[in-house]
Amino acid sequence: MSNDISAGGRLTVVIYQAVAAVVLLLLMTFGLLMRYSQAGGLDLSEDLFYQLMTAHGIGMVGIAAICGVSIMWFFLSQYVQLTTEIFVLNLILFLVGVVMILSAIFLGGFAGAWTFLYPLPRISGGAWGPSMAALHLGGVLLIGVGFLLVHLDCGYAILKKYGSLTNALGWPTLFGGPQTGKFQHQVDEATPPPTVVASTMVTIVNILGLVSGASILVITIVNLFVPSFAISALLGKNMIFFFGHVFINATIYMAVIAVYEILPRYTGRPWKSSRPFLAAWSFSTVAVLIVYPHHLLMDFPMPVWMLVMGQVISYLSGIPILVVTALGALAYVHRSGIKWGMAPSLLFLATFGWAAGAIPAIVDGTIVVNSVLHNTLWVPGHFHTYLLLGLVPMALGFMYFLIEEEGSTIDLAAFWAFIIGGMGFTMTFLMAGAASVPRRFAEHQPWMQGMDTLGSAFAALAILGVALIAVRFLGGVLASLKA
Ligand code: HEM
Ligand SMILES: [Cu+2]
């Protein structure tokens with residue numbers, strides 16, 4: 001059934017992860033500079049703060065996608081025939097896009113945040129010119145096109161093998177007849193494995209998200225030079241947040257494949273697509289597409305039904321997948337006699353970091369709460385929890401898996417520095433948010449700065465942990481290249 005990944009494909013995945021390790025560290029350091037500047041420990045100019053914030057935001061979203069897509073590609077290629085050239089092309093487009101984005105930000109002064117809210121890139125108040133905005137948005141567009149190509153390739157390969165997307169989501173099993181007795185064997189054979197189910201979901205949602213994102217990027221770029229070419233700003237915001245919500249969520253839905261594929265190698269129990277598992281992924285395929293209005297709860301001209309849908313679906317959207325994954329992880333690990341190396345430890349942690357990050361998101365997805373917490377540090381608090389303690393450890397666990405390293409005392413120290421630092425850091429965001437400290441403020445008032453200082457210290461600890469792990473991974477890669 002399963003083919004082995006080609007040598008070229010494997011090497012490309014390793015390069016993806018190496019790029020991710022280095023860029024992640026750089027961007028975390030940008031984050032620390034911002035946090036410490038809010039704490040008053042460092043005097044960044046406002047211009048530089050917002051440039052760092054833009055680079056950190058768009059860069060982290062991009063790197064999260066690089067981590068996710070390389071995990072998905074690595075495992076999906078064991079079941080379907082993917083095109084290595086397209087995967088390589090995506091990395092090249094990514095790197096070119098990054099150079100454009102960084103030049104526009106640090107040489108051209110662009111600081112419009114990763115959400116590039118239309119039509120604000122044109123209205124910079126003199127901070128940057130239209131050509132620099134175009135350079136930045138063009139870089140983002142290039143990166144989006146690269147990812148779109150990879151997802152189209154995955155979709156094509158999945159269709160070729162499974163015949164239809166619903167087959168690949170496991171609908172024949174989900175809605176089929178009884179699954180016991182003499183048919184059990186046939187059902188098991190025909191049911192797509194978790195990796196295929198997750199990849200299919202991501203293929204569907206990310207193609208839609210990326211097309212929406214690319215469209216609004218092109219519109220915004222044209223609008224930079226031809227202001228009379230304009231669309232409704234509210235429509236633009238809908239397109240951006242549809243893309244943004246789907247794209248950042250998809251990073252986790254890709255990275256979680258590492259949990260499904262790697263944990264079983266340690267527990268000796270293969271992760272099967274049960275009916276609840278299939279139901280959860282199919283449900284979330286739809287939910288992740290229609291939940292984005294929770295980013296527009298304070299946009300009063302929005303149709304009320306959309307906002308209500310955003311609130312209600314927020315409660316439901318990610319929960320089924322989280323539950324099947326978290327309960328699954330517990331069940332597979334329970335009494336399995338698992339030997340805890342770095343890879344399974346990080347992946348296990350990641351499952352619960354992801355779950356923990358969803359809770360404050362659900363709280364904030366409630367309209368009455370949102371009117372208090374909107375645009376406070378609560379929001380970075382929730383997404384840093386599921387990204388820093390969910391997505392990042394999935395990627396780090398995958399790195400240990402790639403270099404086949406179980407871990408020594410140093411790795412263990414790095415692991416704990418990362419967890420304690422990460423939890424402390426995200427906690428200071430949430431607590432500041434609960435005290436109504438606004439997000440995206442370069443300057444904080446003195447009463448907020450104690451929390452900012454504490455947050456900076458925890459952040460430094462987390463960065464130290466990731467740095468040790470990154471050195472370990474890059475060292476392992478170099479050693480295997482020499483061998
Ligand atoms: C130690 C690690 C990190 C530190 C110190 C850090 C710090 C920060 C700070 C200070 C902000 C601005 C908060 C504000 O609104 O005032 C921020 C925003 C953000 N961070 Fe991080 N961060 C870290 C890791 C991450 C990771 C791992 C990701 C994603 C994978 C991430 C994604 C983002 C995003 C998307 C924003 C929003 C930018 C915006 O508002 O436009 N960060 N971070
Ligand atoms: Cu969202």
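Order of listing sets the numbers, starting from 1, for every ligand and every atom in it.
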Worksheet item: Between F30 and H56, does the ring centre distance come in under 6.0 Å?
Response: no
Worksheet item: Which residues and atoms, protein N, O or S only, are under 2.8 Å from atom 21 (Fe) of ligand 1?
Response: H56 NE2, H384 NE2
Worksheet item: Can you name the one residue among N90, V13, T12 that meets side-chain contact (heavy atoms from CB on, under 4.5 Å) with W73?
Response: V13
Fill in: Shortest protein heavy-atom distance from atom 1 (C) of ligand 1, along with the residue and atom involved
I463 CG1, 3.8 Å
Practice prompt. Would you tell me whether D411 and S408 have side-chain atoms, one donor and one acceptor, within less than 3.5 Å of each other?
Written response: yes
Worksheet item: Is the count of non-hydrogen atoms from other residues, nucleotides or ligands lying under 6.0 Å from M306 atom CE greater than 12?
Response: yes
Discussion item. Please identify which of these residues, F429, F458, W378, meets the ring-ring contact (aromatic ring centres under 6.0 Å, His included) condition with H384.
Written reply: F429
Discussion item. Please tell me whether Y16 and F87 form a close aromatic pair, meaning their ring centres lie under 6.0 Å apart.
Written reply: yes
Discussion item. As a test of understanding, state which of F243, F241, F383 forms a ring-ring contact (aromatic ring centres under 6.0 Å, His included) with H295.
Written reply: F241
Fill in: Contact atoms of ligand 1, heavy-atom distance to L32 under 4.0 Å
5 (C)
Discussion item. What I want to know is whether R439 and ligand 1 share at least one N or O pair that is separated by under 3.5 angstrom.
Written reply: yes
Worksheet item: Between F116, Y50, W128, which is the residue that forms a ring-ring contact (aromatic ring centres under 6.0 Å, His included) with F110?
Response: W128
Fill in: Shortest protein contact, atom 37 (C) of ligand 1 (heavy atom only)
F383 CZ, 3.6 Å
Practice prompt. Would you check if the distance from the ring center of F247 to the ring center of F147 is below 6.0 Å?
Written response: yes
Worksheet entry | Ring center gap for Y260 and F75 short of 6.0 angstrom | no
Worksheet item: Which of the atoms in ligand 1, numbered in the order shown and given with their element, are less than 4.0 Å from a heavy-atom of A459?
Response: 5 (C)
Discussion item. Checking a contact table here: which protein heavy atom is nearest atom 4 (C) of ligand 1, and how many Å away?
Written reply: F425 CZ, 3.3 Å
Fill in: Within-shell test, V392 vs ligand 1, heavy atom, strictly < 4.0 Å
yes
Discussion item. Given the Cu ion (ligand 2) as the apex, I'd like the angle to ND1 of H245 and NE2 of H294, rounded to 10 degrees.
Written reply: 110°
Worksheet item: Which heavy-atom pair separates L296 from L307 by the least distance, and what is that distance?
Response: O-CD2, 3.4 Å
Item to complete: Compute whether any side-chain donor of one residue and acceptor of the other, for T203 and H151, lie under 3.5 angstrom apart.
Response: no
Worksheet entry | Ligand-side contact atoms (ligand 1) for residue partner Q38, heavy atom cut-off under 4.0 Å | 14 (C), 16 (O)
Item to complete: Could you find the nearest protein heavy atom to atom 15 (O) of ligand 1 and give me its residue, atom name and distance?
Response: R440 N, 2.6 Å
Item to complete: Using a strict 4.0 Å cut-off to heavy atoms of W114, name the atoms of ligand 1 that fall inside it.
Response: 35 (C), 41 (O)
Fill in: Ligand-residue contact atoms, ligand 1 with A113, heavy atoms, under 4.0 Å
41 (O)
